[in-house]
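Notes follow the structure.
The structure displayed is predicted, hence computed values, not measured ones. Below, all heavy atoms of this structure are taken into account, side chains as well, without hydrogens, waters or symmetry copies.
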Amino acid sequence: MLFCSCGPWRPKAVQRRLTMTNAMLTRTITDRRAWTAATLDSPAAWYCPLTDRSLAALDESIRAQRRQPQPTTTVFLTPQQRARCGDDLLPARDALENGRGFIIIDRVPLDRYSRDEAQDLYWLVGQALGRPFEQNIQGTLLYDVRDTGQDLSKGARFSVTNYESSFHTDNSFGEEVLDYVGLLCLCAAKSGGQSQVQSGFAVHNELLARHRDCLRALYEPFHIERRGGVREGEGPTIRSPVIAWNGKDLLFRYLRYWIETGQQRAGLPLTVEQVNALDTLDAVMRRPELQAEFSLEPGQMFFINNRWILHNRTAFEDYPEIERRRHLVRLWLKRPELF
């Protein structure tokens, strides 16, 4: 077991950001990233196995945890584990950066591992893809996604409710760019709670072709409420465009509710042009021909490229028994080249 001396990624203004511009992308993107439901590869290709070789390598840390338990987030991959898992996860890394932008790693054998041990394995797999990123000002690295009965109107985040979240990217309110989002499924809902994803490149292509004026407005900054918490000296909102382009990569920062509440907090109601642009974006994202949908099963790990994959979780109904209720664990990651 190796403890990382550098620790997790802590979002700070002094950290290097992904350089973006507000120059609008004015050409259609046609590579694999710009998939639609009709051009996306078959669902069988979305799954990457957690191989016996990788599981055996990671199991070394689980056995050490059983002998001398440590908090999950203090356990880090050894160089030997990273090397042994690296080849097995190459398809996942390629899919995240150059392909469809999402991957399902299948799966942690929950008949062999407790829930805590499953989280340990997930934490280690995540490190093979990127560096853990703090998810709030309290420094949370593994975040429980389950309905706690909290109210959005009183400051709760969608992740602790059973509401449909709408298509969005995580950490749209953050100073730093969040590259990857991971979700480990420990328990599925009684009904509902499907995962939906779509390519920001395909959305952008549609806006460029049919709604160019609205697209241009989305390249201008909006006030976004800081639902991740406000540090001392920070204002209650951050200003950022919904879409930015750096000549190679698109960056989406979007959850409409945080924009609406952010503009209210800033005392600047959305203009007619801004409302029209957001309405048009939402209408495009609701189109089924731009979406893929699936249900995560217990033990499966889902990773997405948060820069240009928008995701949604449908509303769900839970079991009455607490131990059977929907429970996912979220992990945020920086991609390796930004370490």
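Side-chain atoms of Thr74 come within 3.5 Å of backbone atoms of Pro71 as a donor-acceptor pair (strictly under, hydrogens ignored). For Gln65 (side chain) and Gln70 (main-chain N/O), a donor-acceptor pair under 3.5 Å exists by modelled atom type. Remark: side-chain polar atoms of Arg325 are paired, donor with acceptor, to backbone N or O of Pro320 under 3.5 angstrom. In this structure a side-chain-to-backbone donor-acceptor pair under 3.5 Å is missing from Arg324 to Lys190. Counting only distance, with no hydrogens or angles, the side chain of Thr314 and the backbone of Gln194 share a donor-acceptor pair below 3.5 Å. Using a distance-only test at 3.5 Å, with no hydrogens or angles considered, no donor-acceptor pair links the side chain of Asp318 to the main chain of Ala189. Judged purely by atom type and a 3.5 angstrom limit, Trp46 uses its side chain to pair as donor or acceptor with the backbone of Asp41. Remark: side-chain polar atoms of Gln291 are not paired, donor with acceptor, to backbone N or O of Ala37 under 3.5 angstrom. Put simply, the side chain of Arg93 gets close to the backbone of Gly86: a donor and an acceptor are under 3.5 Å apart.
Under the 4.5 Å side-chain criterion, counting only non-hydrogen atoms from C-beta, Phe102 is in contact with Phe294. Between Gln80 and Glu60, the closest side-chain pair of non-hydrogen atoms is not below 4.5 Å. Between Met301 and Leu50, some side-chain heavy-atom pair lies under the 4.5 Å cut-off. Within the 4.5 Å cutoff, side-chain heavy atoms of Gln196 are placed close to those of Glu293. The shortest distance between side-chain heavy atoms of Met24 and Ile243 does not fall below 4.5 Å. Residues Leu218 and Tyr254 are not in side-chain contact: their nearest non-hydrogen atoms beyond the backbone lie 4.5 Å or more apart. Contact annotation: the side chain of Leu281 approaches that of Leu207 to within less than 4.5 Å [non-hydrogen atoms, C-beta and beyond]. In this structure, Gln127 and Pro132 have side chains that are in contact, with non-hydrogen atoms separated by less than 4.5 Å.
Under the side chain to side chain contact (heavy atoms under 4.5 Å, CB included) criterion, Glu234 pairs with Arg226, Val230, Arg231, not counting sequence neighbours. Shown here are the side chain to side chain contact (heavy atoms under 4.5 Å, CB included) partners of Asn205, two or more places apart in sequence or in another chain: Thr28, Ile29, Ala34. Legend: residues meeting side-chain hydrogen bond (donor to acceptor under 3.5 Å, both in side chains) with Arg256, ordered by chain and number and at least two apart, are Glu260, Asp279, Asp282. In terms of the side chain to side chain contact (heavy atoms under 4.5 Å, CB included) criterion, residue partners of Thr140 (sequence neighbours excluded) are, by chain and number, Asn136, Gln138, Tyr143. Partners of Ser240 by side chain to side chain contact (heavy atoms under 4.5 Å, CB included), not counting sequence neighbours, listed by chain and number: Ile224, Arg253.
Here Gln300 contributes atom CD and Leu328 contributes atom CG; the two are 10.5 Å apart, rounded to the nearest 0.5 Å. Once rounded to the nearest 0.5 Å, the distance linking CZ of Arg146 with SG of Cys187 reads 9.5 Å. For the atom pair Leu333 CG and Phe133 CZ, the distance stands at 10.0 Å (nearest 0.5 Å). Considering CG of Leu89 and CZ of Arg84, their distance stands at 13.5 Å, rounded to 0.5 Å. With rounding to the nearest 0.5 Å, the separation of CG in Asp88 from CD1 in Ile105 is 10.0 Å. For the atom pair CG (Asn305) and CZ (Arg335), the distance works out to 7.5 Å, reported to the nearest 0.5 Å.
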Take Leu183 and Val329, measure what side-chain contact (heavy atoms from CB on, under 4.5 Å) needs, and give me the verdict at the end.
-> CA-CA 5 Å; Leu183 289 169; Val329 183; over 6 Å; no
Can you check side-chain contact (heavy atoms from CB on, under 4.5 Å) on Phe201 and Trp35, steps first, answer last?
-> CA-CA 8 Å; Phe201 283 95; Trp35 58 264; over 6 Å; no
Could you walk me through whether Glu134 and Leu141 pass side-chain contact (heavy atoms from CB on, under 4.5 Å), step by step?
-> CA-CA 5 Å; Glu134 293 181 352; Leu141 293 169; 3.8 Å; yes
Apply side-chain contact (heavy atoms from CB on, under 4.5 Å) to the pair Leu208 and Leu25, showing each step before the final yes or no.
-> CA-CA 8 Å; Leu208 181 65; Leu25 170 62; 5.6 Å; no
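For the residue pair Ser172/Thr169, the side-chain donor-acceptor check at 3.5 Å is not satisfied. For the 3.5 Å distance criterion, the side chains of Asn306 and His311 fail to qualify, holding no donor opposite an acceptor. For the 3.5 Å distance criterion, the side chains of Gln119 and Tyr113 fail to qualify, holding no donor opposite an acceptor. Trp332 and Asp170 share a donor-acceptor pair across their side chains, judged by distance under 3.5 Å alone.
Heavy atoms only, all atoms of each residue included: Leu331 and Gln135 are closest at CA-NE2, 3.6 Å. The two residues Pro236 and Arg265 come nearest to each other via the heavy atoms CB-NH2, 3.2 Å. When all heavy atoms of Phe302 and Val197 are compared, the pair lying nearest together is CZ-CG1, 3.6 Å. Counting all heavy atoms, side chain and backbone alike, Ala188 lies closest to Pro298 at N-CG, 4.3 Å. Of all heavy-atom pairs spanning Arg107 and Gly299, the tightest one is CB-O, 3.2 Å. In terms of heavy atoms, Pro109 sits closest to Leu55 at CG-CD2, 3.9 Å.
Note on residues 67-79: no pairs pass salt bridge (Lys or Arg N to Asp or Glu O under 4.0 Å), not counting sequence neighbours.
Following chains of ILVMFWY side-chain contacts shorter than 4.5 Å, one cannot reach Tyr47 starting from Leu90, and the two form parts of different hydrophobic clusters. Both Val275 and Phe222 are members of a single hydrophobic cluster when ILVMFWY side chains are connected at heavy-atom separations under 4.5 Å.
For Asp52, the CG atom counts as loosely surrounded, since its 6.0 Å shell holds 12 or fewer non-hydrogen atoms of other residues, nucleotides or ligands.
At a threshold of 4.0 Å, the pair Asp120-Arg66 does not count as salt-bridged, since none of the basic side-chain nitrogens sits closer than that to a carboxylate oxygen. For Arg210 and Glu206, the salt-bridge test passes: some basic side-chain N is under 4.0 Å from an acidic carboxylate O.
When each of Arg307, Lys248, Arg32, Arg33 is tested with Glu97 by the rule salt bridge (charged side-chain N to carboxylate O under 4.0 Å, His left out), just one qualifies, namely Arg307.
With Tyr219 as the aromatic partner, Arg216 does not meet the cation-pi criteria of under 6.0 angstrom to the ring centre and within 45 degrees of the ring axis.
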